[in-house]
Amino acid sequence: MERQTAWDKILQHLKNRVHETDFETWFRDSRQSSESHDLILVRVKSPLFVTYISDNFAQQIAEAASLAGFGEREIRFGSDDSFPGSVAPHKSTPETRRRTSALNPEYTFENFVTGESNRLAHAAALRVADQPTRQYNPLFVCGGSGLGKTHLMQAIGHRRLSRHPGDRILYMTSESFVNEVAQGIRFNRMEDVRHKLRAADLFLVDDVQFFVGKEASLTELFHTFNALYDDGKQIVFSSDAPPREINGLTDRLKSRFEWGLIVDIQPPEFETRVAILRKKAETHNIDLPDDVAYLLAARCKKHVRELESSLSKVKLIADLRGEALTAELTRDVLPDLIGGRDDASSTPTEILKAVAAHFGLKPSELRQRTKKGAIVFPRQVAMYVMKEATSMSFPEIGRLFGDRHHTTALHAVRKISALREEDPELNRQITNLIAQFRP
Ligand code: ADP
Ligand code: MG
């Protein structure tokens, strides 16, 4: 008999956690393609499987992995040999992976659809990609979640890289920046960190709202900004709100953020949504009839992300049924795809996803049994939102997060509710999160 791979062992636990039909459909043909001490790469049938599995079974997979003794590893899915953002497993440690946060190959200008909602942001992004300009330095892109900020920032990186291959592009999420600084302090190598930050020719920092309260990182960001700015290097920031409205940032940093140009991205209009769907269909080789595009665009109004995933899902269902992607089929399955929140079991998963996304984490990371600061707080927020937005009990919530005792959930809820009263910015974020899920 062949030796069991880590994935085989995980599958044995997964079998008990997902419906038999689901297991047969989604996991029967999955194979481990490689593993390292912190990463397991699993090959599945097609890109649609990758999307569907990550969207729907992340939680169960994380549970199964921890039961099989692989809770600390990242599990990544891919089809063929093209693993998204694939990293050389033997070289990868959590730290190096964060540090090199590569650009997503799909987030290019070619794949970015423009409309009234994002025209200015797009034009400014193109401009700074081609040439740093004082007036546009820094470029500050703001807008709600899922509207294309990350896509646009990475597009700037891609374009600069293709025109000036020698340039050093540094794209960082605020989380990776904070981590980097924390590690620098801890291992007494802040000089290296500074050296690396200041060597950038193009510096992109995504989601700066998450810097709030991270004093050491705020200071470092301020000095990095000054050094790069003085060298005439282009800097781009993104955030869910304009600098002025981000409470808890130092005034000197806020004023730096406002030195250049602030552009915002609004939710896309109907026509833009249709155009985005067409573009995604083209990229993923999906034959998308107009009436299907209209139906989907009419239903998903706020997030481009949701628009995209609704397309992958209808396509997938059509494939599974062996039918063409038609308006009829779309109408038939739409209620399950969008707004189908009445299904009691889907809500905790959705909350996990939303809170994870809010903190730039993966749902599986939130469920890890770890005391890492970067995880503990988001996890407490997730527990709190679950308590507020669902009828789950403390023991149920505890179980969902790696079998914790109910007092852990109770403590989390008490702590967050106290913090909400002290911190208006946190209060605003949590109110928004809860509002998405309250029936
Ligand atoms: P944000 O960073 O603002 O939360 P993302 O950049 O992650 O949003 O975008 C979410 C998804 O929507 C991504 O897959 C992205 O490619 C897609 N997207 C957003 N805006 C556009 C657009 N104008 N054209 C094409 N795809 C878009
Ligand atoms: Mg983003």
Side-chain angles (χ1 to χ4, degrees), residues 47-48 50-52 54-55 84-85 98 101-126 129 139-159 171-177 204-211 236-242 246 262-284 286 288 293 296-297 300-313 315 338 353-362 378 429 432-433 436:
L48 290 169
V50 178
T51 316
Y52 195 89
S54 329
D55 281 359
R98 263 183 225 119
S101 50
L103 302 175
N104 181 329
E106 279 190 23
Y107 290 176
T108 60
F109 278 114
E110 290 69 38
N111 289 340
F112 192 83
V113 175
T114 54
E116 276 319 305
S117 53
N118 58 27
R119 201 178 299 289
L120 184 59
H122 174 260
L126 259 183
L139 176 65
F140 195 98
V141 182
C142 54
S145 157
L147 296 182
K149 300 182 297 294
T150 299
H151 187 141
L152 206 50
M153 291 187 99
Q154 298 206 359
I156 298 174
H158 281 299
R159 185 166 170 115
Y171 166 86
M172 298 180 97
T173 61
S174 49
E175 192 216 5
S176 57
F177 190 99
L204 309 153
V205 190
D206 208 352
D207 286 325
V208 297
Q209 73 273 16
F210 295 133
F211 275 103
V236 185
F237 298 112
S238 84
S239 163
D240 65 351
I246 313 176
I262 301 176
V263 286
D264 77 339
I265 305 186
Q266 294 292 326
E269 319 72 31
F270 180 76
E271 290 75 11
T272 313
R273 297 202 294 277
V274 172
I276 291 174
L277 283 168
R278 293 209 173 107
K279 176 60 94 181
K280 299 285 169 195
E282 188 191 309
T283 317
H284 295 277
I286 299 174
L288 177 69
L296 294 175
C300 316
K301 299 212 172 89
K302 288 212 186 96
H303 302 284
V304 180
R305 198 176 280 127
E306 186 185 60
L307 194 62
E308 242 187 304
S309 76
S310 68
L311 173 63
S312 323
K313 287 181 192 166
K315 166 66 178 156
I338 310 156
K353 260 196 249 170
V355 175
H358 184 81
F359 289 99
L361 298 170
K362 290 202 245 34
Q429 294 178 9
N432 286 342
L433 281 168
Q436 294 177 38

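Quick caveat: nothing in here was measured; it's all calculated off a predicted structure. We count ligands from 1, going down the list as the structure has it; atoms in each ligand are counted the same way. In this chain, numbering begins with 1 at the start of the sequence shown.
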**Q.** Residues forming a ring pair (Phe, Tyr, Trp, His ring centres under 6.0 Å) with His358, sequence neighbours excluded
**A.** Phe210
Q) Hey, are Arg119 and Glu116 close enough for a salt bridge, meaning a charged N less than 4.0 Å from a carboxylate O? A) yes
Q: With a 4.0 angstrom cut-off on heavy atoms, strictly below it, pick out the residues next to ligand 1 and order them by chain and number.
A: Tyr107, Asn111, Phe112, Val113, Asn118, Gly144, Ser145, Gly146, Leu147, Gly148, Lys149, Thr150, His151, Ile276, Lys280, Val304, Arg305, Glu308
Q) In terms of the angle between their ring planes, are Phe211 and Phe177 parallel, tilted or perpendicular, with boundaries placed at 30° and 60°? A) perpendicular
**Q.** Side chain Asn118, main chain Gly115, donor-acceptor under 3.5 Å
**A.** yes
Q. Who pairs with Lys315 by salt bridge (charged side-chain N to carboxylate O under 4.0 Å, His left out), at least two apart in sequence or on another chain?
A. Asp319
Q) Backbone N or O of Thr108 within a donor-acceptor pair of the His151 side chain at under 3.5 Å? A) yes
Q.
Between Ser309 and Ser312, do the side chains contain a donor N or O and an acceptor N or O under 3.5 Å apart?
A. no
Q: Would you mind telling me which of Leu204, Ile156, Asn104 makes a side-chain contact (heavy atoms from CB on, under 4.5 Å) with Tyr171?
A: Leu204
Q. At distances under 2.8 Å, what protein N, O or S atoms surround the Mg ion (ligand 2)?
A. Thr150 OG1
Q: Start with the C-alpha distance between Asp207 and Ser238, add both sets of side-chain angles, then the distance that settles side chain to side chain contact (heavy atoms under 4.5 Å, CB included), and finish with yes or no.
A: CA-CA 5 Å; Asp207 286 325; Ser238 84; 4.1 Å; yes
